[in-house]
Number of protein chains: 2
Amino acid sequence: MTQLPSAAPTIATEPGQTEPAFRLVAVAIEARILSGDIQPGDTLPSETNLAETLGVNRSTVREAIRALEQNGFVRRETGRKKLFAAVPQSRDISRRLKTAMVLDHVTFEELWEAMFALEPAAARSAAQRRTDDDLAALDANLAQMRLALHDSDVLTDLDIAFHHLVALATGNRAIQAARLPISELFYPPFLAVISRLNAAERLLFAHEKIVEAIRDQDSRQAQDWMEKHIQDFQRGYELANLDMGTPAALPRAGHDKQ
Amino acid sequence: MTQLPSAAPTIATEPGQTEPAFRLVAVAIEARILSGDIQPGDTLPSETNLAETLGVNRSTVREAIRALEQNGFVRRETGRKKLFAAVPQSRDISRRLKTAMVLDHVTFEELWEAMFALEPAAARSAAQRRTDDDLAALDANLAQMRLALHDSDVLTDLDIAFHHLVALATGNRAIQAARLPISELFYPPFLAVISRLNAAERLLFAHEKIVEAIRDQDSRQAQDWMEKHIQDFQRGYELANLDMGTPAALPRAGHDKQ
DNA sequence: GCGGCGATTATCGTCGGACAATAAAGTGCG
DNA sequence: CGCACTTTATTGTCCGACGATAATCGCCGC
């Protein structure tokens, strides 16, 4: 029933300027999703249908859809035609934050400092709230890592996964959202250094200590070990004689794992 | 010279599926901006021009532009026609992250825990790196707050500004990006509680202590006082008998609350 | 010469219609 | 009931058009 006002400006947006129709269409569709009129996962009406319903041209609807796609309110499975409603996920937004930080020439030092604040807090919280499933996932990660101590690439992925699992165990989505983009920029290059220094065992040891503390629900120990662990990254960087002042770059081809 | 391949798939995107033209156009324009071919702040060619240059229809260009707008690569000043190139700012992305967290029903407790990790770290870093300008801004904020101890709304704005200034003083854009969306969800409702408890003086006192430590470049003190300050928010919430488990909402005027 | 003002041009927002490709839906057959 | 085949619906793209209005140009008077 959400109809676009054809003549009367019922949806008077703050500015005196008349909002372009494609934006009104976008917010109209967005509103339908947010109100639950269209549930996430539902397929949206066809463009023609939307155009008729909203009283605008199909081109206008298409422009609105392009915007909604970027905002994460609708998504289309590759190769499929049907459009599905969705709700923006902080995971999707993380990608943009990463590029924004890279374009802003954020340095490794800045990333490190942020991780030094977030990761120990995450470990502490994880120790308090972890479920048995969280623990099992962490154990599995440790097991895999023991088998991959030689393989630098796999090690990197496993390390990122490890810290992600710790964050998941917190159950805290604010912390998860805050650390995700930083983490994805931070770990790859640092881990490259670590493996060059043959410090994989040291890495694994720290992870084991952290998991142990999380298992025992010893938040103090979890925090402390994570703190040491993050400090180790910095130490490794200095040992390798690299400059923490260099801007971060986007890591190699992203893995799309569903 | 960035020309869209009309027949030869020079820009072969990973998937076997052919990418729609509007996406290719979007990445082409994006590439021009990232490469510096078009500097941020420059005006983009007209839609017609772009369409001709890229060998596609204007409608296709428009769809691409809608996507680029959302991504922060181009922006149009309200009421103006000319399109300006830009670079995505984490500040802009913060808004999206906020809505994503709200839609995900992130609780105050989660926000608080994240702030408890970030704010003390920011204070510590600010104490180490603050410039005289940072200090002057903080002092100005304190002065304003002394005059607004009675006005709840102004107080809220000043408090948010204060913590933002501390974050700015760190010079750490990763921390800034991480805390911004959380901060904007966190402070308004908490401050509503604070002012209801007539705890404005206590708030000001903490701010003064933090600024003092930052002035003295005493990172330990800055961190400690900020930690206490954040803990105070929680205490206030409990004193007011409110549930930290309630999901956060977007701070927006005109909410129908009964 | 130069700043302001009206005329001119360019550009945007929107519309209507069209068509090929192909996903989705329907149909019939074994 | 499953599968191949046909039909329909939908998307992606193009073309052309028009009103509104920024942006630009050119003229005029100071």
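Here is the naming used below: chain letters follow the sequence lines, and residue numbers restart at 1 for every chain. Because the structure is predicted, anything quoted here is derived from the model rather than measured.
Judged by distance alone with a 3.5 Å cut-off, no donor-acceptor contact links the side chain of A:R58 to the base of C:dG17. Between the base of C:dT22 and the side chain of A:K81 there is a donor-acceptor pair shorter than 3.5 Å.
Cation-pi geometry between A:R76 and A:F84 is not satisfied (NZ or CZ under 6.0 Å from the ring centre, within 45° of the ring normal).
Using a 4.0 Å cutoff on non-hydrogen atoms, the parts of residues 66-77 of chain B near DNA chain C are B:R66, B:R76, ordered by number.
Here A:D159 contributes atom CG and A:H207 contributes atom NE2; the two are 4.0 Å apart, rounded to the nearest 0.5 Å.
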Applying salt bridge (Lys or Arg N to Asp or Glu O under 4.0 Å) to A:R129 and B:E113, what does each step give before you reach the verdict?
CA-CA 13 Å; A:R129 298 211 230 301; B:E113 197 174 50; 2.7 Å; yes
Report the C-alpha distance between A:E119 and A:R179 in whole Å, list the side-chain angles of each, state the deciding distance to 0.1 Å, and finish with yes or no for salt bridge (Lys or Arg N to Asp or Glu O under 4.0 Å).
CA-CA 8 Å; A:E119 296 290 52; A:R179 67 170 291 290; 2.8 Å; yes
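Of the candidates D:dT24, D:dT11, C:dG16, D:dT24 carries the atom nearest the B:K82 side chain, counting heavy atoms from C-beta on. Listed candidates were D:dT13, D:dC15, C:dC15. Nearest to the side chain of B:N57 is D:dC15. Residue B:P20 places its side chain closer to D:dG12 than to any other of D:dT11, D:dA23, D:dG12. Relative to the side chain of A:R62, the nucleotides C:dC12, C:dT14, D:dT11 differ in distance, and D:dT11 lies closest.
Dashed line: the shortest gap from a side-chain N or O of B:S59 to OP1 or OP2 of D:dC15 is not under 4.0 Å.
Here the side chains of B:T246 and B:F108 are in contact, with some heavy-atom distance below 4.5 Å.
In this structure, A:Q176 contributes its side chain and A:A167 its backbone to a donor-acceptor pair below 3.5 Å.
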